[in-house]
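One-based numbering, in listed order, for ligands and for the atoms of each. All residue numbers refer to positions in the sequence shown, counting from 1.
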Amino acid sequence: MLSYVNNKFCSLDNAKISVNDRGYQFGDAVYEVILYKDGKFLDMEGHLKRLRKSMSRIDFELNISDSAIKTIIKRLVTENNLKYGSIYIQVSRGEYFRDHSYFNMPLKPILVILTKKIKEKFKIVVPGIKVFTTLDTRWSNPDIKTTQLLPNVLAKTEGMKNGFGEALFLDDNSYITEGSSSNFWILDKNNILNTRSLDGKILAGITRDSILNCAKNKKIKVLEKKISLDDIKTCKEAFITSASSFVTPVVQVDEMIINSGLVGEFSNLLRKTYLELNDWFISKLNNISNLKEKVLIVIPIINNYKIFKDSFYYRDNIDSRKSETISLVNAMKVNVLEVLNIKINNFSSANLFNKNKLVYISEVIQK
Ligand code: PMP
């Protein structure tokens, strides 16, 4: 079947979209479906108009005119011998190395048009169907780490455009939930560490959990509670945590300056403690002499790293743009189950995953 994928005609079997397509990774794309009935496109103008509107609402535009899109659709319909069917149009923001913010990214929207045959002609009279009611939960489960990240993408980019390193989401009662790609913390006026509890409104960050352990080890008091803007006004320090940023100090929230705009000692200490937890791995990496290229070590469970520290896994550098230390920390955040499965199955000299993607394990060393 002829299709139009990645801005060119091709057979559906040979159609290719990069796994770095933002539609694939973030849901950062818009779409339309148009019905085709024996020579006629139903509501074509309305659908194309809404497609443009959707793109403009999420801040990008497609440099292909409506008449060019219609020409593509007509060719697909003709060559695919469509009599009755539907036309699926999708435009993603484009393709680039994964990053929530698309600010200053060199992106070109990617157009996909597919046709689908409907065998029978559309019936005029049809039987009624049964329906049921359910809560409108679109998309209100941020505790599930899905790729439906468009709101996160838009918030992060809006922030970057205005000089902010992260966007903090507020719930209906103006309490902070979390960052667009991080968990949020404050050291309150009583020197107690506050972060929101796992109440379904935040992602259970792996780094958050590690930091809770660090705090426990250091006998730092922690309160898992909702953080209000007033709490921020009076707090001593604030920071965000995530796998890619570990502990990043926050010195300003909206107009509120925290700790006179200076990075606090406590945030620095936590960042150091968190990184030192990983020093053991780094020293091991330095001891490995037979590396052909820059590789990283993945340890199954960071929080229980002592239990697993006898097992080593090599893998490709995941992001050459970042420093080795950052990559190393990222590497340790690799999906725990994946690594454990590898260990259970067969972990010697195996190309276990797509070499171009994150987890290419070339060799395993046992201590
Ligand atoms: N919240 C959100 C919305 C995130 O995207 C992330 C980063 N994945 C986090 C929190 C932090 O999670 P982690 O420490 O596991 O990276």
Side-chain angles (χ1 to χ4, degrees), residues 22 24-28 97-103 137-160 164-171 175-186 193-216 222 224-227 238-250 253 267 270-271 273-275 277-278 281 296 298-305 318-319 322 325-340 357-359:
R22 292 183 62 90
Y24 176 70
Q25 290 186 341
F26 294 108
D28 194 357
F97 296 111
R98 189 180 183 279
D99 200 331
H100 280 56
S101 168
Y102 56 85
F103 183 49
T137 56
R138 306 170 286 172
W139 174 245
S140 47
N141 297 310
D143 56 325
I144 309 174
K145 199 166 171 62
T146 74
T147 54
Q148 296 193 65
L149 289 167
L150 188 55
N152 310 51
V153 159
L154 295 178
K156 179 77 139 223
T157 309
E158 167 86 10
M160 298 293 257
F164 297 103
E166 176 61 303
L168 298 183
F169 291 126
L170 295 171
D171 66 16
Y175 288 101
I176 308 284
T177 53
E178 61 180 338
S180 71
S181 61
S182 59
N183 292 116
F184 181 69
W185 305 69
I186 59 168
L193 209 47
N194 296 175
T195 195
R196 192 166 174 128
S197 65
L198 301 181
D199 60 357
K201 295 290 170 204
I202 64 166
L203 183 73
I206 303 299
T207 321
R208 176 187 178 280
D209 209 36
S210 268
I211 294 296
L212 286 175
N213 283 340
C214 285
K216 216 185 269 169
V222 182
E224 291 182 57
K225 57 162 278 222
K226 288 179 183 174
I227 298 171
F239 58 92
I240 54 169
T241 57
S242 73
S244 47
S245 69
F246 16 99
V247 177
T248 298
V250 170
V253 175
S267 311
L270 262 190
R271 187 178 169 93
T273 310
Y274 180 72
L275 288 175
L277 257 186
N278 303 308
F281 306 127
L296 297 165
V298 178
I299 303 293
I301 299 178
I302 179 73
N303 290 334
N304 299 329
Y305 74 106
I318 54 169
D319 188 346
K322 290 183 181 165
T325 315
I326 291 174
S327 298
L328 186 67
V329 172
N330 274 336
M332 286 185 241
K333 294 292 171 184
V334 90
N335 185 326
V336 166
L337 283 177
E338 278 177 6
V339 176
L340 286 178
K357 286 308 298 168
L358 296 189
V359 197

#### Entry: Sub-4.0 Å atoms of ligand 1 with respect to non-hydrogen atoms of Ala243
13 (P), 14 (O), 16 (O)

### Message
Taking distance alone, with N or O pairs closer than 3.5 Å, would you say Ser242 contacts ligand 1?
### Response
no

### Task
Using a cut-off of 6.0 Å, state whether more than 12 heavy atoms not belonging to Tyr24 lie near its atom OH.
no

### Query
Within the distance-only criterion (no hydrogens, no angle test), does the side chain of Thr157 pair as donor or acceptor with the backbone N or O of Tyr102 below 3.5 angstrom?
yes

### Query
Which bit of Ser180 gets closer than 4.0 Å to ligand 1, counting heavy atoms only: side chain, backbone, both or neither?
backbone

### Query
Are side-chain heavy atoms of Arg196 and Ile202 found at a separation under 4.5 Å?
yes

### Query
Which ligand 1 atoms does Gly205 reach within 4.0 Å, using its non-hydrogen atoms?
12 (O), 13 (P), 14 (O), 15 (O)

### Query
Does an N or O anywhere in Ile206 fall below 3.5 Å from an N or O of ligand 1?
yes

### 4.5 Å side-chain heavy-atom contact, Trp185 and Leu270
no

### Message
Suppose I only count heavy atoms of Lys145 and a 4.0 Å limit; which atoms of ligand 1 are within that range?
### Response
7 (C), 8 (N)

### Query
Which ligand 1 atoms are under 4.0 Å away from a heavy-atom of Asn183?
10 (C), 11 (C)

### Message
Assess whether a salt bridge exists between Glu166 and Lys156, defined as any Lys/Arg side-chain N lying under 4.0 Å from an Asp/Glu carboxylate O.
### Response
yes

### Task
Please work out whether any backbone atom (N, CA, C, O) or any side-chain heavy atom from C-beta onward of Ser244 is under 4.0 Å from ligand 1, and answer side chain, backbone, both or neither.
neither

### Message
Evaluate Thr147 against Gln25 for side-chain hydrogen bond (donor to acceptor under 3.5 Å, both in side chains), listing each step before the verdict.
### Response
CA-CA 6 Å; Thr147 54; Gln25 290 186 341; over 6 Å; no

#### Entry: Close approach of Gly179 to ligand 1, heavy atoms, under 4.0 angstrom
yes

### Query
Below 4.5 Å, heavy atoms only, C-beta onward: do Asp28 and Leu149 meet side chain to side chain?
no

### Query
Going by the atom numbers of ligand 1, which of them fall below 4.0 Å from some non-hydrogen atom of Thr241?
11 (C)

